Amino acid sequence: AMGCDVIALGVVPTPTVALAVEELGAAGGIAITASHNPMEWNGMKFMASTGMFLDADENRAFWALSDTPGRYAAWDRQGKHRAETSFLQRHVDLVCALPMVRPEVIRARRFRVVVDCINAAGGLVVPGMLRALGCEVIELNCEASGVFTRAAEPIPENLGALCAAVREHGADLGIAVDPDVDRLVLITERGEPFGEEYTITTVIRYMLETAGTAARDASVVVNLSTTRAVDDVARGDRELARLVHELRTTDDALGLVADIDDHFIADDVEHAALLGIVAVLVAVAAVVRGIGGVGAGLVAAGLIAACLVGVG
């Protein structure tokens, strides 16, 4: 009615909306979601034409517009509406094509994984991505009905059923995401939460180690609430910047951005939980086979020892 053309993606993760904005050259994006809050708090997340959340200047411009009476377009200048349903698969393809991701290594390990997607958007992408990577997947709350079966935030006290399912099925790993798939929690083969501080540090260390020479001059950007273990993992001559809240991409060779809620940005795209999942799997899969589940694999890879530095 305002004369804007609308591209409807359907039910997708918030980071997939950001990807679509960038790839389609859109003026901006809107994700309708309650994020990690109860469903009655449904709202909107706004993105700029960069595919990133609005910065301070963009927010000021946005609120100025919202306070200005709108004008509806004439009947012959109405915007167009079209559906675009390809971006779920496009997002998975981009994650698996990242230089630090080695799908063949993950497939060779044939992980058994229990996935809890809280009956939201993650159910449409996470199980399928894991199966494409050769994992045996046990689905828990993956119907994408929008009817949550537990409290929305994926913190340990809300993941008792997932922890129990990991033990029951003898799984290598449990994965929980929030309703719009930008938060990630891992459960070890013992049915114990791995912890967000360990997760983010594991992923950053793996990405820096596999980036080779590109990582030497790369910056790592985190927010103020991110564990200090990241400082130790990123030590050396590279720059580590801490921002107050929202993360913005960097212009260097690696451009690795992350925060304590396990939002991961690589190659200027926020892949969030999807990148965190595959990075942990490939980090463990690269270790000698036969060592047990993911928790044991992280120990064998020396990753948990690194994560413990600076955490307390």
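In this text, all values refer to a predicted model and were calculated from it rather than measured experimentally.
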Report task. Please report the closest heavy-atom contact between Pro127 and Cys117, naming both atoms and the distance. Result -> CD-SG, 4.3 Å
Query raised in the report: Do Asp182 and Thr14 have side-chain N/O donor and acceptor atoms under 3.5 Å apart?
Result: no
Requested in this report: Before giving the answer on side chain to side chain contact (heavy atoms under 4.5 Å, CB included), spell out for Phe111 and Glu136 the whole-Å C-alpha distance, their side-chain angles and the decisive distance to 0.1 Å.
Outcome: CA-CA 6 Å; Phe111 290 108; Glu136 177 187 347; over 6 Å; no
Report task. Return yes if some donor-acceptor pair links the side-chain N/O of Ser35 with the main-chain N/O of Asn37 below 3.5 Å, else return no. Result -> no
Query raised in the report: Would you call Asp57 and Arg60 a salt bridge, taking side-chain N to carboxylate O under 4.0 Å as the test?
Result: yes
Query - Atom of Asp178, atom of Pro154 and distance for their closest heavy-atom approach - result: CB-CD, 3.7 Å
Report task. Please check if Val185 and Ile138 belong to a single hydrophobic cluster, counting links between Ile, Leu, Val, Met, Phe, Trp and Tyr side chain heavy atoms closer than 4.5 Å. Result -> yes
Query raised in the report: What's the spacing between Phe62 CZ and Asp67 CG if we round to 0.5 Å?
Result: 9.5 Å
Query - Reported CE-to-OG1 distance for the pair Met39 and Thr33, which is rounded to 0.5 angstrom - result: 11.5 Å
Query raised in the report: Would you say the side chain of Leu281 lies within less than 4.5 Å of the side chain of Cys135, judging by non-hydrogen atoms?
Result: yes
Query raised in the report: When clusters are formed by joining ILVMFWY residues with side-chain heavy atoms under 4.5 Å apart, either directly or through shared neighbours, do Val95 and Val113 land in the same one?
Result: yes
Report summary line: CG (Leu274) and CG (Leu94) are apart, to the nearest 0.5 Å, by 10.5 Å
Requested in this report: Give a yes or no on whether Leu24 and Val12 share a hydrophobic cluster (residues Ile, Leu, Val, Met, Phe, Trp, Tyr; joining criterion: side-chain heavy atoms under 4.5 Å apart).
Outcome: yes
Requested in this report: Using the side chain to side chain contact (heavy atoms under 4.5 Å, CB included) rule, take Leu140 and Arg150 through it: C-alpha gap first, then chi angles, then the decisive distance, then the call.
Outcome: CA-CA 11 Å; Leu140 188 67; Arg150 57 167 171 81; over 6 Å; no
Query raised in the report: Glu189 side chain to Val166 main-chain N or O, any donor-acceptor pair under 3.5 Å?
Result: no
Query raised in the report: Between CG of Leu159 and CD of Glu192, what distance do you get to the nearest 0.5 Å?
Result: 13.5 Å
Requested in this report: Take Ile175 and Leu186 through the side chain to side chain contact (heavy atoms under 4.5 Å, CB included) test and state the conclusion after the steps.
Outcome: CA-CA 5 Å; Ile175 293 172; Leu186 304 178; 4.1 Å; yes
Query raised in the report: Can you find a pair of side-chain heavy atoms, one from Leu130 and one from Val115, that are under 4.5 Å apart?
Result: yes
Query - Crowding at CZ, Arg190 (>12 non-hydrogen neighbours, <6.0 Å) - result: no
Query - Neighbour count above 12 (heavy atom, 6.0 Å) for Glu84 CD - result: yes
Query raised in the report: Would you say the side-chain atoms of Asp116 pair up with the backbone N or O of Ala176, donor to acceptor, closer than 3.5 Å?
Result: no
Query raised in the report: Hey, does Arg82 have a side-chain heavy atom less than 4.5 Å from the side chain of Asp5?
Result: no
Query - Over all atoms of both residues, closest heavy-atom pair of Ile118 and Ala152 - result: CD1-CA, 3.3 Å
**Report entry** Residues Lys45, Asp180: salt bridge by 4.0 Å N-O rule
**Finding:** yes
Query raised in the report: Looking only at atom types and distance, does a side-chain atom of Glu22 sit under 3.5 Å from a main-chain N or O of Leu19, one as donor and one as acceptor?
Result: no
Query raised in the report: Roughly how far apart are Lys80 NZ and Cys4 SG, rounded to 0.5 Å?
Result: 14.0 Å
Query - Closest contact, heavy atoms only, Val21 versus Gly28 - result: CG2-O, 3.6 Å
**Report entry** Asp172 side chain to Arg112 backbone, donor-acceptor under 3.5 Å
**Finding:** yes
Query raised in the report: Between Asn119 and Ser145, is there a donor-acceptor pair closer than 3.5 Å when you use the side chain of the first and the backbone of the second?
Result: no
Query raised in the report: Does Phe148 reach the side chain of Pro38, with side-chain heavy atoms less than 4.5 Å apart?
Result: no
Query raised in the report: Linking I/L/V/M/F/W/Y whenever their side-chain heavy atoms sit closer than 4.5 Å, directly or via other members, would Met129 and Leu9 fall into one cluster?
Result: yes
Query raised in the report: Which atom names give the shortest non-hydrogen contact between Leu88 and Val125, and what distance separates them?
Result: CD2-CB, 3.8 Å
Query - Nearest heavy-atom neighbours spanning Val11 and Leu124 - result: O-CD1, 3.4 Å
Query raised in the report: Hey, quick one: are Ile155 and Leu173 part of the same hydrophobic cluster, counting side-chain heavy atoms closer than 4.5 Å, chains of contacts allowed?
Result: no
Query raised in the report: What distance separates Arg90 CZ from Thr85 OG1, expressed to the nearest 0.5 Å?
Result: 14.5 Å
